[in-house]
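First up is the structure itself, then whatever we jot down about it.
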There are 2 protein chains.
Amino acid sequence: MKVLTKHTDYAVRALISLGMKPDSWVTAKAVSEEQAIPYQFLRRIMQELIKSGLVVSREGAGGGVRLARDPDTIRVKDVIEIFQGAVQVSECMFRKQLCSNRANCVLRHEIMRIEQMVNDEFAKVTVGKLISDLKRVQVLSEPKL
Amino acid sequence: MKVLTKHTDYAVRALISLGMKPDSWVTAKAVSEEQAIPYQFLRRIMQELIKSGLVVSREGAGGGVRLARDPDTIRVKDVIEIFQGAVQVSECMFRKQLCSNRANCVLRHEIMRIEQMVNDEFAKVTVGKLISDLKRVQVLSEPKL
DNA sequence: TTAACTGATACTAAATTAGTATCAGTTAAC
DNA sequence: GTTAACTGATACTAATTTAGTATCAGTTAA
Ligand code: FES
Ligand code: FES
């Protein structure tokens, strides 16, 4: 049971790369090399992030992309929603307005609690938080890098 | 972002059906009609549930399936694991023993907390609990059914 | 003018999920 | 002891989602 797809995984990693180089235009190529993400695939992911307004781009030589706003305001939940849609444990609610069988609704009820929890947790994790965690880990383990 | 597949969804519903008719052999056909699940699909799901030991079967005319143990000991988490594997937010840990890039591990760390939470929550929901919830709802809304 | 970029879009491949079909064997009932 | 109602095993197809590739047009800096 995989919760995050490659799209989301790569997108978050790309956002971390961008967030660590504020105020500069970073190319898709640079990110793809740094994070070992297939270039063309990453380009398409970037284009989505741009359309969604999480990053802004500049065309042409010397161009690239950068975060559109403070990393602390970019939540992993936002990224998930862009690439995987909102977390929903079961889709049956949308099949019919009122489901034929109450048993499922009971299941659904239990499950929506969990859904809410997951959403809340992913909303707490921001790119800014990931970057500061990352820096802390680096300081501890590779001080002179 | 869909968390439960049809396999899991149908399996849980089937287990609820079985749990509501204790001490009797219920046929796949009956469950398929009661829960509006495609018959052949449900048969294969049942076979998995039998192999996994959650239900036991009896062959031949008058045969069918029944829960192998108390509904309170059958957790939705068990069903998810049978059909979707254990909840894992990101798979990257298994790519290499030590990942090339620490950034991902940071992400992973945050994410494993969420993974644990989801697992714990799904472990709390049992078929027995769903059945009792269901009965309560029926009493409230359809007292004479 | 050229090289280094992004924008847009079309395409393919692989994996997963969903569903169907068939035949063999078992049991109950007549 | 034949038949009908069942499960066991297994092979197959279809649909959807995920992952990845390719190409060409347009923009900008040097
Ligand atoms: S909401 Fe889907 S079955 Fe009740
Ligand atoms: S554990 Fe997968 S990248 Fe670190």
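All values below were derived from every heavy atom in this structure, side-chain atoms included, with hydrogens, water molecules and symmetry-related copies excluded.
Which of dG19(C), dG20(D), dG7(C) sits closest to the side chain of F41(A) comes down to dG20(D). For R44(A), taking side-chain heavy atoms from C-beta onward, the closest of the listed nucleotides dC11(C), dT23(D), dA9(D) is dC11(C). Considering only the side chain of K2(B), dA18(C) comes nearest among dT18(D), dA18(C), dT7(D). Distances were taken from every side-chain heavy atom of H7(A) (C-beta onward) to each of dT18(D), dT21(D), dA28(C); the shortest belongs to dT18(D). For T27(A), the listed nucleotide lying nearest its side chain is dT6(C); candidates were dT21(D), dT7(D), dT6(C). Between dT26(C), dA19(D), dT6(C), one nucleotide has an atom nearer to the side chain of E59(A) than all others, and that is dT6(C).
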Would D120(B) and K124(B) count as a salt bridge (Lys or Arg N to Asp or Glu O under 4.0 Å) if you check the C-alpha gap in whole Å, the side-chain angles of each, and the deciding distance to 0.1 Å?
CA-CA 6 Å; D120(B) 291 350; K124(B) 281 184 206 157; over 6 Å; no
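Distance D9(B) CG to dG19(C) C1': 15 Å, rounded to the nearest Å. Atom-to-atom, CD1 of I82(B) to C1' of dT17(C) comes out at 17 Å; the value is rounded to the nearest Å. As rounded to whole Å, 19 Å separates atom P of dG26(D) from atom CD1 of I50(A). Residue Q47(A) contributes atom CD, which lies 16 Å from atom P of dA25(D) at whole-angstrom precision. Per the geometry, CD belonging to Q35(A) stands 18 Å off C1' belonging to dG20(D), to the nearest Å. Here dG19(C) presents its P atom at 16 Å from CE of M46(B), a figure rounded to the nearest Å. As a whole-Å value, the separation of I37(A) CD1 from dA19(D) P is 12 Å. Between I45(B) atom CD1 and dA9(D) atom P the separation is 17 Å, expressed in whole Å.
Nucleotides of DNA chain C nearest to L42(B) and K29(A) differ in position, and the one nearer the 5' end is that of K29(A). Between A61(A) and Y39(A), the residue anchored closer to the 5' end of DNA chain D is Y39(A), taking for each the nucleotide with the nearest heavy atom.
Searching all strands for a Watson-Crick or G-U wobble partner of dA29(D) with both distances below 3.5 Å returns dT2(C). Base pairing of dC24(D): its partner is dG7(C), meeting the Watson-Crick or G-U wobble criterion (both donor-acceptor distances under 3.5 Å). Base pairing annotation: dT18(D) forms a Watson-Crick or G-U wobble pair with dA13(C), both donor-acceptor distances under 3.5 Å.
The residue R58(A) sits close only to the backbone: its heavy atoms come under 4.0 Å of sugar-phosphate atoms, none of a base.
A salt bridge is defined here as a Lys NZ or Arg NE, NH1 or NH2 lying under 4.0 Å from an Asp or Glu carboxylate O, and K129(A) with D133(A) meets this definition.
Each of T126(A), L67(A), L130(A), V125(A) was compared with I74(A) under the side-chain contact (heavy atoms from CB on, under 4.5 Å) criterion, and only L67(A) meets it.
Of the possible donor and acceptor atoms, none in the side chain of E48(B) sits under 3.5 Å from a partner among the backbone N and O of F83(B). Between the Q35(B) side chain and the R13(B) main chain, a donor and an acceptor come within less than 3.5 Å of each other. In this structure a side-chain-to-backbone donor-acceptor pair under 3.5 Å is present from Q84(B) to V3(B).
Applying the 4.0 Å criterion to OP1 and OP2 of dA18(C), one finds that T5(B) has a side-chain N or O inside that range. Remark: Y10(B) is in phosphate contact with dG19(C), judged by side-chain N or O atoms under 4.0 Å from OP1 or OP2.
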